[in-house]
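Here is the naming used below: chain letters follow the sequence lines, and residue numbers restart at 1 for every chain. What's counted below: heavy atoms across the whole structure, side chains too, no hydrogens, waters or symmetry copies.
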Protein chains: 2
Amino acid sequence: MTPEPDAPENAAKPFDPLALDHQLCFALYAAANRVIRLYRDQLEPLGLTYPQYLTLLVLWERDDRLVGEVGEALSLDSGTLTPLLKRLETAGLVIRTRDAADERRVRITLTKQGRAMRAKAVDIPARIACEMGLPLETLVQLKQTLTTLATDQD
Amino acid sequence: MTPEPDAPENAAKPFDPLALDHQLCFALYAAANRVIRLYRDQLEPLGLTYPQYLTLLVLWERDDRLVGEVGEALSLDSGTLTPLLKRLETAGLVIRTRDAADERRVRITLTKQGRAMRAKAVDIPARIACEMGLPLETLVQLKQTLTTLATDQD
DNA sequence: AGCGATTAAATTGTGCACAATGTAAAAGAT
DNA sequence: ATCTTTTACATTGTGCACAATTTAATCGCT
């Protein structure tokens, strides 16, 4: 009811640093949630979740990786990856094997079925880009900025 | 086979639509996770999680809202909000009351303590913006694009 | 060789995010 | 007025994300 404490008398609009509409963080949070929902529709027929799909992207690029290498690529720790990788193993897409040379390590390898899944996923990015309803140029610029944001000074 | 216009530096390589580095979705996912981590450091002393903070932003802007109104503002359903709001109630920041006029509805009201929390949070956005290490202009443009992405054709 | 420090992954516990379902109240239809 | 439909929220179950801790293996140092 009362005007903002720091508002000069009846100024047009005192800037509110906590207004939801001003938060980059909320825009980022809401956009990420929405895009994950878009992917869910595409991935559900394949029986994959979004983080599982990202994990497969990493392995399709280079197979036979350590848990830590996958985690490095995705910025995820073993607390997230271990159960996820166990589910991918149960689904028959990867195999987890203790490294004989260093028993602390666990190697992640794609099965034939895991490699075959790639063909079923190859059209997904284009379909999602289409659903986003923004010009390609904007999406490319956006990805650039977000990558900087994600990798900066960690 | 044709080299993508947006990847001039590796024009020799065939474009891989599933390469992790090409995924806007991954950039978005990683950026969102990183920003939430930045907030976690700021919010931990206040005893708040990031979605709880977003919920308070909504209520600080306008108090005495229905669960559904909060959910509308944040694009979250009751499955997420009900337990979150119960935790905010346990923390003494909000009160949940059944609407007497319509018993289906639950009104969310800030407590004195909930309103007081605002003063402790008011500096957070500026500190985060600083930590992001990108020029303000870029951040403003980014928020604009993300908002479009989040709200488009849902 | 012996041993503390480091490393790799797993485990435990909390809190989202969401699909699916349930419950009860209110609104509409006949 | 009774019955169907819709609405608002709660509940259940799955799967992340991450902090904190644990376990076990390897490394580094003397």
Side-chain angles (χ1 to χ4, degrees), chain A residues 25-26 29-41 43-45 47-56 65-72 74-91 94 96-108 150 154, chain B residues 25-26 29-41 43-45 47-56 65-72 74-91 94 96-108 150 154:
Chain A
C25 71
F26 174 65
Y29 166 87
N33 283 346
R34 174 166 182 253
V35 170
I36 290 177
R37 279 194 291 271
L38 290 181
Y39 272 89
R40 211 187 312 273
D41 298 338
L43 292 173
E44 193 256 89
L48 293 175
T49 67
Y50 183 68
Q52 288 168 12
Y53 165 78
L54 293 179
T55 302
L56 289 178
R65 303 246 218 171
L66 302 179
V67 170
E69 290 173 341
V70 176
E72 168 79 12
L74 298 175
S75 300
L76 294 175
D77 68 2
S78 69
T80 301
L81 278 177
T82 296
L84 187 156
L85 290 167
K86 283 182 178 174
R87 282 186 284 270
L88 284 180
E89 187 172 42
T90 301
V94 305
R96 299 168 346 109
T97 41
R98 284 277 163 192
D99 189 329
D102 183 344
E103 288 279 347
R104 292 171 304 180
R105 298 176 164 185
V106 170
R107 312 202 75 91
I108 308 299
D154 251 355
Chain B
C25 72
F26 174 64
Y29 165 88
N33 283 346
R34 174 164 183 256
V35 170
I36 290 178
R37 280 194 292 271
L38 290 179
Y39 271 88
R40 210 187 312 273
D41 298 338
L43 292 173
E44 192 256 271
L48 292 175
T49 66
Y50 182 68
Q52 287 168 11
Y53 164 78
L54 292 179
T55 302
L56 290 178
R65 302 245 219 171
L66 303 178
V67 171
E69 290 173 341
V70 177
E72 170 79 10
L74 298 175
S75 300
L76 294 175
D77 68 2
S78 69
T80 301
L81 277 177
T82 296
L84 186 156
L85 290 167
K86 283 183 178 174
R87 281 186 285 271
L88 285 179
E89 187 172 43
T90 302
V94 306
R96 299 169 344 112
T97 40
R98 283 279 162 191
D99 188 329
D102 184 343
E103 288 281 345
R104 292 172 304 179
R105 297 177 164 185
V106 170
R107 311 203 75 90
I108 308 299
D154 252 355

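Side-chain nitrogen and oxygen atoms of A:Arg104 include none within less than 4.0 Å of the OP1 or OP2 phosphate oxygen of D:dT23. Contact check, A:Tyr50 against C:dA17: no side-chain N or O comes under 4.0 Å of OP1 or OP2. OP1 or OP2 of C:dC16 has at least one side-chain nitrogen or oxygen of B:Arg87 nearer than 4.0 Å. Between A:Lys86 and the phosphate of C:dT11, there is a side-chain N or O to OP1/OP2 separation shorter than 4.0 Å. In terms of phosphate contacts, A:Arg37 brings no side-chain nitrogen or oxygen within less than 4.0 Å of OP1 or OP2 of C:dA17. Contact between the side-chain N/O atoms of A:Ser78 and the OP1/OP2 oxygens of C:dA9 is not found at any separation under 4.0 Å.
Atom-to-atom, CG of A:Asp41 to P of C:dC18 comes out at 12 Å; the value is rounded to the nearest Å. One atom, OH of B:Tyr39, and another, P of D:dC18, lie 16 Å apart when rounded to the nearest Å. For the pair B:Leu54 CG and C:dG15 P, the interatomic distance rounds to 16 Å; values are reported in whole Å. One interatomic measurement links the two molecules: CD1 of B:Ile36 to P of D:dC16, which rounds to 16 Å at whole-angstrom precision.
The residue B:Arg107 sits apart from the nucleic acid: no heavy atom pair falls under 4.0 Å. Counting non-hydrogen atoms under 4.0 angstrom, A:Thr49 reaches the backbone sugars and phosphates but no base.
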